[in-house]
Amino acid sequence: MNDILERLLQGNRRFALGQTRGADISIARRHQVSNVQQPFAMILGCADSRVPPEIVFDCGLGDLFVIRTAGHTIDEVVRASILFGVKALKIPLVLVLGHTRCGAVSLAITRRRQPTLDDDTACIAEQIAPAIEQCENEGLALDCVVKAHVRMTVARLENLIRPVSQDVDIRGAYYDLNTGLVEVL
């Protein structure tokens with residue numbers, strides 16, 4: 001499992017240094033993966049346009065099974081997608097990817113301070129609320145809340161995935177928008 005995580009981190013280091021290999025998005029690769037997918041990792045990440053996992057990890061077609069929602073929140077469809085990846089595709093690594101300046105987490109913090117905000121985002125804020133509570137002693141610092149939310153999401157995934165598979169490595173990580181580097185939590 002560590003080899004798979006290291007493969008992701010090596011790709012991330014290339015990306016951060018501006019030395020990407022040019023992930024394989026060729027016609028030949030497209031044909032190679034057209035009939036079967038065998039991604040080596042699943043990324044549950046934020047929908048933020050600045051954090052595209054395939055680019056951040058210098059990966060090509062068919063390499064990653066990516067699920068993205070605001071603040072990497074999990075609903076029924078996301079749970080089913082994760083289980084599909086684990087059970088049907090036998091993906092050996094699930095990585096929860098949070099990031100600096102996360103708008104969804106910032107919204108949840110603001111919503112906590114001003115509960116009358118838009119109800120359309122309530123489901124996002126509700127999932128992030130436990131992380132906010134955990135970071136109240138630190139003045140609700142955004143980085144603290146994002147990292148706490150990543151760790152709590154990893155714990156949720158442990159509860160979801162372990163009854164189905166003991167062979168999956170579940171990790172949390174934090175992406176820095178400035179440096180381009182991913183830190184494993």
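What you see below is based on every heavy atom in this structure, not just the backbone, and it leaves out hydrogens, waters and symmetry mates. Note that the numbering runs from 1 along the sequence shown for the chain.
Under the side-chain contact (heavy atoms from CB on, under 4.5 Å) criterion, Ser49 pairs with no residue at all, not counting sequence neighbours. In terms of the salt bridge (charged side-chain N to carboxylate O under 4.0 Å, His left out) criterion, Arg156 has no residue partners (sequence neighbours excluded). Residues that satisfy the side-chain contact (heavy atoms from CB on, under 4.5 Å) test with Pro130, not counting sequence neighbours, are Met152. Residues satisfying the salt bridge (charged side-chain N to carboxylate O under 4.0 Å, His left out) criterion with Glu183, sequence neighbours excluded, are Lys147. In this view, Asp58 and Arg14 satisfy the side-chain hydrogen bond (donor to acceptor under 3.5 Å, both in side chains) rule, not counting sequence neighbours. Every residue meeting the salt bridge (charged side-chain N to carboxylate O under 4.0 Å, His left out) condition with Arg162, not counting sequence neighbours, appears here in chain and number order: Glu158. Residues meeting the side-chain hydrogen bond (donor to acceptor under 3.5 Å, both in side chains) test with Glu54, sequence neighbours left out: none.
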Name the atoms and distances for all side-chain donor-acceptor pairs under 3.5 Å in residues 81-90, with sequence neighbours left out.
unit_1	atom_1	unit_2	atom_2	d
Ser81	OG	Val77	O	2.9
Lys90	NZ	Lys87	O	2.9

Name each donor-acceptor pair under 3.5 Å that joins a side chain in residues 91-106 to protein atoms two or more places apart or in another chain, with its distance.
unit_1	atom_1	unit_2	atom_2	d
Thr100	OG1	Leu177	N	3.0
Arg101	NH2	Asn178	OD1	3.2

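Annotation for Ile27: atom CD1 does not count as buried by contact number, only 12 or fewer foreign heavy atoms lying within 6.0 Å. Crowding of Gln38 atom CD: a count of heavy atoms from other residues, nucleotides or ligands under 6.0 Å not exceeding 12.
What you find for Ala131 and His149 is that their closest heavy atoms are CB-N, 3.5 Å. The minimum heavy-atom distance linking Cys59 with Ala23 is given by the pair O-CB, 2.8 Å. When every heavy atom of Arg50 is checked against every heavy atom of Tyr175, the shortest pair comes out as O-CE2, 3.9 Å. Taking both residues in full, the closest heavy atoms of Thr73 and Ala70 are given as OG1-O, 3.0 Å, listed atom of the first, atom of the second, then distance. Val66 and Pro53 make their closest contact through CG1-CG, 3.8 Å (heavy atoms, listed as atom of the first residue, atom of the second, distance).
Remark: the backbone N or O of Phe57 is not paired with any side-chain donor or acceptor of Asn12 at under 3.5 angstrom. Panel note: side chain Arg171, backbone Leu5; no donor-acceptor pair is recorded below 3.5 Å. Checking side-chain atoms of Arg111 against main-chain N and O of Ala125 turns up no donor-acceptor pair under 3.5 Å.
Counting only residues at least two apart or on different chains, no ring-ring contact (aromatic ring centres under 6.0 Å, His included) pair has a member in residues 14-36. Sorted by first and then second residue, the salt bridge (charged side-chain N to carboxylate O under 4.0 Å, His left out) pairs with a member in residues 71-83 form an empty list; sequence neighbours excluded. Screening residues 19-35 for salt bridge (charged side-chain N to carboxylate O under 4.0 Å, His left out) gives Arg29-Asp63 as the qualifying pairs, with residues at least two apart or on separate chains.
In this structure, Thr69 and Ile74 have side chains that are not in contact, with every pair of non-hydrogen atoms separated by 4.5 Å or more.
Distance CE/Met42 to CD1/Ile170: 9.5 Å, rounded to 0.5 Å. Rounding to the nearest 0.5 angstrom, the gap separating the CG atom in Leu44 from the CZ atom in Phe65 is 10.5 Å.
Under 3.5 Å, the side chains of Asp143 and Tyr174 contain a donor-acceptor pair of N or O atoms.
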